[in-house]
Amino acid sequence: MPKYQSYSTNLNQRRQSTGLRPLIVLCVVSILVLTFYLREGESGPIHTLRAGVTTITTPARMAGNLVSAPFNAVGNIFGNLTASRATLDELEAENAELTARVAELAEYQATSERLEKLLDLQSTYNLQSTAARIIGQSSDAWSDTVTIDKGSLDGISVNMPVTNSTGVIGQVIEVAPNASTVRLLTDEGSGVSAMIQDTRAQGMVQGQPDGTLRMDYVSVDADVKEGDIIITSGIGGVYPKGLPIGTVASVTKNSNDVYYTIIVSSASRTESNEEVLVITSLTEEQTATDEDVVSANNTPAGGERSQGDASGEGSTESTDTTEGSE
């Protein structure tokens, strides 16, 4: 009996030893292959063999993914169906929170972009100004005004001009301690001295009952065409010289008229919660000089168009609306 046990023990030891040998050999081979792989270049035989195996097996892996994708989708559906009510409620709450967060970040970004444009305008025109926010808009049909969140306590006073990031929007007409009312350029009672930027032809931009803008008192001798930029002239000492007002949308004249009929497309748009600049004072350079006033009075039609805009397209002669006019 002891002899039989000894024989059995030796046999088990031999089997274990025999089973370990292939494992040891594989480990040694793996180490050698890894060593050669790391030392050889990209064009070595092991790299080439690996690339070939990858090329051969890639279609099989893709086919496997295509076959398993529907089953994975079905599994996800059943997983959702079997999810607890508490889990679904938690996911819905998390989704709502993330959606609100995305909307909040988008609003922050839009506000940041508007403020950056305001700062650019303030810097470009060297404006002495105070930033404000539009907090209300007129609801009646007889006036076109907005309310801003700055008032006399912030240094705001009546007649101060107001602009947004794209151009002039109006003028302060009423002031309270913490708020002010701004009459928009599109209001029928508004008016601002203006000129055609390129030719310096003088006129007055005024609001109309239908909420549009029109430039009046521009002589038919002036060179005006669609697309011309209209800016503040600085005459009158209220608005700084050179601020954008809009562009010429259309220009027409009848045979006996001394002034054009010019419709203006406003450069600015007012919306709720949009930031604006209230211009608190003007520098010397922003006010029209006596020479500017004399020049405007003597040559209201302005001068010649710059060479870059001297093309015949859109010329005022083609806008005559009266048949048979001279």
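Model, not experiment: these values are computed from the prediction. For this chain, numbers begin at 1 and follow the sequence in order.
At a threshold of 4.0 Å, the pair Arg183-Asp187 counts as salt-bridged, since one of the basic side-chain nitrogens sits closer than that to a carboxylate oxygen. Between Asp216 and Arg214 a salt bridge is recorded (basic side-chain N to carboxylate O distance below 4.0 Å).
Between the Asp149 side chain and the Arg133 main chain, a donor and an acceptor come within less than 3.5 Å of each other. Not one N or O on the side chain of Asp154 forms a donor-acceptor pair closer than 3.5 Å with the backbone of Ile156.
For residues 278-298, there are no ring-ring contact (aromatic ring centres under 6.0 Å, His included) pairs, not counting sequence neighbours.
Note: Gln122 CD to Ile279 CD1 = 9.5 Å, rounded to the nearest 0.5 Å. Here Tyr239 contributes atom OH and Gln171 contributes atom CD; the two are 4.5 Å apart, rounded to the nearest 0.5 Å. For the atom pair Ile235 CD1 and Ser193 OG, the distance stands at 6.0 Å (nearest 0.5 Å). With rounding to the nearest 0.5 Å, the separation of CD1 in Ile169 from CG in Asp144 is 10.0 Å. To the nearest 0.5 Å, the span separating OG on Ser190 from CG on Leu185 amounts to 5.0 Å. A distance of 6.0 Å separates CD of Glu274 from OG of Ser165, quoted to the nearest 0.5 Å.
At a cut-off of 3.5 Å, with distance as the only test, no side-chain donor of Gln128 or Thr280 sits close to an acceptor on the other residue.
Nearest heavy atom pair, residue Val251 against residue Tyr260, reads CG2-CD2, 3.6 Å. Shown here for Gln202 and Met195, the closest heavy-atom pair between the two residues is NE2-SD, 3.6 Å. The two atoms that bring Leu213 and Ser266 nearest to each other are CD1-CB, 3.7 Å, heavy atoms only. The nearest pair of heavy atoms linking Lys150 to Ser180 is O-OG, 2.7 Å. When all heavy atoms of Pro240 and Leu127 are compared, the closest pair comes out as CG-CD2, 4.2 Å.
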Practice item. Report the C-alpha distance between Val293 and Asn297 in whole Å, list the side-chain angles of each, state the deciding distance to 0.1 Å, and finish with yes or no for side chain to side chain contact (heavy atoms under 4.5 Å, CB included). Key: CA-CA 6 Å; Val293 175; Asn297 291 331; 3.6 Å; yes

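In the hydrophobic clustering of ILVMFWY residues, with side-chain heavy atoms under 4.5 Å counting as a link, Val278 and Leu119 come out apart. If you chain together hydrophobic residues whose side chains sit under 4.5 Å apart, Ile173 and Val182 never meet in one group.
Residue Asn298 places its CG atom among more than 12 non-hydrogen atoms of other residues, nucleotides or ligands, all under 6.0 Å distant. Heavy atoms from other residues, nucleotides or ligands lying under 6.0 Å from CD of Glu104 number more than 12.
For Lys241, the side chain to side chain donor-acceptor pair (under 3.5 Å) partners at least two apart in sequence or on another chain are Asp292. Checked against side chain to side chain donor-acceptor pair (under 3.5 Å), Gln286 has the following partners two or more places apart in sequence or in another chain: Thr283.
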